[in-house]
Structures are given as structure tokens and as C-alpha cells.
Amino acid sequence: MRSLTLVVAAMAVSQGLFAAQMPFIEIDPATTTAFREHGTGRPFVAVGLNYFDHETGWAPKLWQQFDEVRVRDQLRLVSEQGFNAIRLFITLESFEREAGQVTAEGEAKFRKLLDLCRQCSIYVIPTGPERWEGAPAWCKGDRFANEAMLAAEAAWWTTFAGRFADEPAILAWDLANEPSIGWDSPEMAAEWNCWLEPQYGSADKIAAAGGVPADQLESPG
């Protein structure tokens, strides 16, 4: 079964259009637990917060009611208070209405927000896409075990992150906000059994590992 992982640190080393204005941040290979500026080697410490437009409401409304002037003022305030990074929330309705497809208006608003962040020297960690505005018709099922949903999410991230490969303001990609795996969906049960069988080889061995009688197993896990 595929697993959803947190992708840490945008590691691009391109000397793109914005490199002179805002350095790329990379993992320091000498420690692997610290960041540094690409090119200069200067240490980088992210001091950040979760950002949404508090004048419109909770996270999704940043995109529904995107106001460039208001967002610029808020980001300037964030910078003036000593923060150099924000984490913000991407939603399915604003960014992935069709499976695996990036919505044009969502991408345009995200590009504008990145432009405003560069003006304030603020790095960005996007997280999502989440279902806070509701789930599109295609997005039904277990997001960690449904193969069609996993394929759509992989396609969406490949496209979306690929379009920003040369963007120095991206500090990291966070693939899911507070991920929590449920164990009671039919899709997860099927994937669990697909893992159990080759792992243990027989129902008797599965039962022994679980400390239960073999006749109490259910298909087989």
C-alpha cells in the first residue's frame, strides 16, 4: 500500500529569477537537522505561524475572498513582528475540483500570495489539499487506502509542486494537515490483509503474532 509522507524542504538549487531577491533554503548536509541558505551557507532558522485571513474567517476563505491589498498588509505585519515563515492551507474546492487537476484560479491566487511573501521576505509551507469546503464528487473514500484517490493526489502534487520548482519562497511541502489514519474503512481492511498475507504467510502465523486463536481471525486480519 502506498503511504503518504511529509515532504520536508524544497531542495531546488536553481538560480532562477528570484534567487537574487530571496535565497533558496536547503538542508545542511553536515547535520541533516538544520537549514542553511543555498550558496552562502548561512544558517537559517524558520520562525513562523499558521496564516489565514482573519478578516474573512477560517482558512479556506483566504482563497474564496482573496484580497491582495488586505493580504499584503497582513503579511507586512507578520514580517514586522519578526516572523520569516508561514504555513497556509490549500483546499480541494479552490485547488483540485477535478481529480489530479490544478484549478487555474487557485494557482493564480497562490502565485500572487507568493509574490507578496517575497516582498516581505517570508517563506511559505503550503499544506493540503483539505476538505474544509466539502469534498468534490471524485473525492469519496479513504484517502490513505483508496488507490484512485492516492493516484489523483500524487498527480496533483506532481503538477502543482512541479510548477514551483524554481520558487525560492517555498520552504517545504506539507502533504496533509494533521493526518490521521482510520482503520475501519473497507479499503483499509483490504489493504491491511494484502500486507498481512505476504508478511506472515499463513493464518496460523498471523494468529500467533496477534496472540489470538486462528479460528477468531477474520479474513484474515
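We count residues from 1, following the sequence as given.
Listed by chain and number, the residues in a ring pair (Phe, Tyr, Trp, His ring centres under 6.0 Å) with Phe66 amount to none (sequence neighbours excluded). Applying the ring pair (Phe, Tyr, Trp, His ring centres under 6.0 Å) test to Phe52 and every residue at least two apart in sequence or in another chain returns Trp58. Applying the side chain to side chain donor-acceptor pair (under 3.5 Å) test to Ser185 and every residue at least two apart in sequence or in another chain returns Asp142.
No continuous path of ILVMFWY side-chain contacts below 4.5 Å connects Met188 to Met149, so the two sit in separate hydrophobic clusters. Following chains of ILVMFWY side-chain contacts shorter than 4.5 Å, one can reach Leu175 starting from Val124, so the two form part of one hydrophobic cluster. Under the 4.5 Å side-chain heavy-atom criterion for ILVMFWY residues, no single connected hydrophobic cluster contains both Trp63 and Leu92. Cluster membership check: Leu116 shares its hydrophobic cluster with Ile122, using side-chain heavy-atom separations under 4.5 Å among Ile, Leu, Val, Met, Phe, Trp and Tyr.
Relative orientation of the Phe160 and Phe110 rings is tilted, given thresholds of 30° and 60° on the angle between their planes.
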(request) Evaluate the side chain to side chain contact (heavy atoms under 4.5 Å, CB included) criterion for residues Asp28 and Phe44: first the C-alpha distance (whole Å), next the side-chain angles of each, then the deciding distance (0.1 Å), finally the verdict. (result) CA-CA 9 Å; Asp28 186 340; Phe44 174 82; over 6 Å; no

(message) Does Phe35 form a side chain to side chain contact (heavy atoms under 4.5 Å, CB included) with Ile27? I'd like the steps, not just the answer.
(response) CA-CA 5 Å; Phe35 295 115; Ile27 293 175; 4.0 Å; yes

(request) Check the pair Leu62 / Tyr51 against side chain to side chain contact (heavy atoms under 4.5 Å, CB included), numbers first and verdict last. (result) CA-CA 9 Å; Leu62 169 66; Tyr51 170 71; 4.0 Å; yes

(request) Decide side chain to side chain contact (heavy atoms under 4.5 Å, CB included) for Trp173 and Phe164; before the verdict, give the C-alpha distance in whole Å, the side-chain angles of both, and the deciding distance to 0.1 Å. (result) CA-CA 11 Å; Trp173 298 107; Phe164 296 95; 4.1 Å; yes

(request) Might you work through the side chain to side chain donor-acceptor pair (under 3.5 Å) test for Asp115 and Gln119, ending with a clear yes or no? (result) CA-CA 6 Å; Asp115 181 53; Gln119 295 175 27; 3.1 Å; yes

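We find the CD-CZ distance between Glu167 and Arg118 to be 4.5 Å, quoted to the nearest 0.5 Å. Between the CD atom in Glu133 and the NZ atom in Lys61 there is a gap of 10.0 Å [rounded to 0.5 Å]. Of the inter-residue distances, the one linking Arg70 atom CZ with Asp53 atom CG reads 4.0 Å to the nearest 0.5 angstrom. Annotation: the span from Glu37 atom CD to Glu26 atom CD amounts to 9.5 Å, rounded to 0.5 Å.
Here the side chains of Phe144 and Ser180 are not in contact, with every heavy-atom distance at 4.5 Å or above. Within the 4.5 Å cutoff, no side-chain heavy atoms of Pro60 are placed close to those of Glu93.
The two atoms that bring Ala152 and Ala99 nearest to each other are CB-CB, 3.9 Å, heavy atoms only. What you find for Ala209 and Tyr200 is that their closest heavy atoms are CB-CE2, 3.5 Å. Summarising the geometry of Thr127 relative to Asn177, their closest heavy-atom pair is OG1-N, 3.4 Å, with the distance given to 0.1 Å. Here the closest heavy-atom approach between residue Phe24 and residue Ala165 is recorded as CE2-O, 4.2 Å. Across all non-hydrogen atoms, the minimal contact from Ala46 to Ala85 is CB-CB, 4.3 Å. Heavy atoms only, all atoms of each residue included: Arg36 and Gly41 are closest at CB-O, 3.9 Å.
The local environment of CD in Gln199 is crowded, with over 12 non-hydrogen atoms from other residues, nucleotides or ligands closer than 6.0 Å. The number of heavy-atom neighbours closer than 6.0 Å to CD of Gln64, taken from other residues, nucleotides and ligands shown, is above 12.
The residues Glu130 and Arg143 are annotated as salt-bridged, a charged nitrogen and a carboxylate oxygen being separated by less than 4.0 angstrom.
Clustering of Ile, Leu, Val, Met, Phe, Trp and Tyr side chains at separations under 4.5 Å leaves Val69 isolated, with no partner residue.
A donor-acceptor distance shorter than 3.5 angstrom exists from the side chain of Trp156 to the backbone of Phe95, with no hydrogens or angles considered. A distance-only check finds no donor-acceptor pair linking the side chain of Ser94 to the backbone of Gly106 [under 3.5 Å]. Here the side chain of Asn84 pairs a donor or acceptor atom with the backbone of Val45 at under 3.5 angstrom.
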Sequence neighbours left out, cut at 3.5 Å: what donor-acceptor pairs do the side chains of residues 75-82 make with other protein atoms?
residue	atom	partner	partner atom	Å
Arg76	NH1	Asp73	OD1	3.0
Ser79	OG	Cys120	O	3.3

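A salt bridge (charged side-chain N to carboxylate O under 4.0 Å, His left out) check over residues 100-109, counting only residues at least two apart or in different chains, returns the pairs Arg97-Glu105, Glu107-Arg111, Glu107-Arg163.
Between Leu88 and the choices Ile125, Leu49, Leu113, Asp174, the side chain to side chain contact (heavy atoms under 4.5 Å, CB included) rule is met once, by Leu113.
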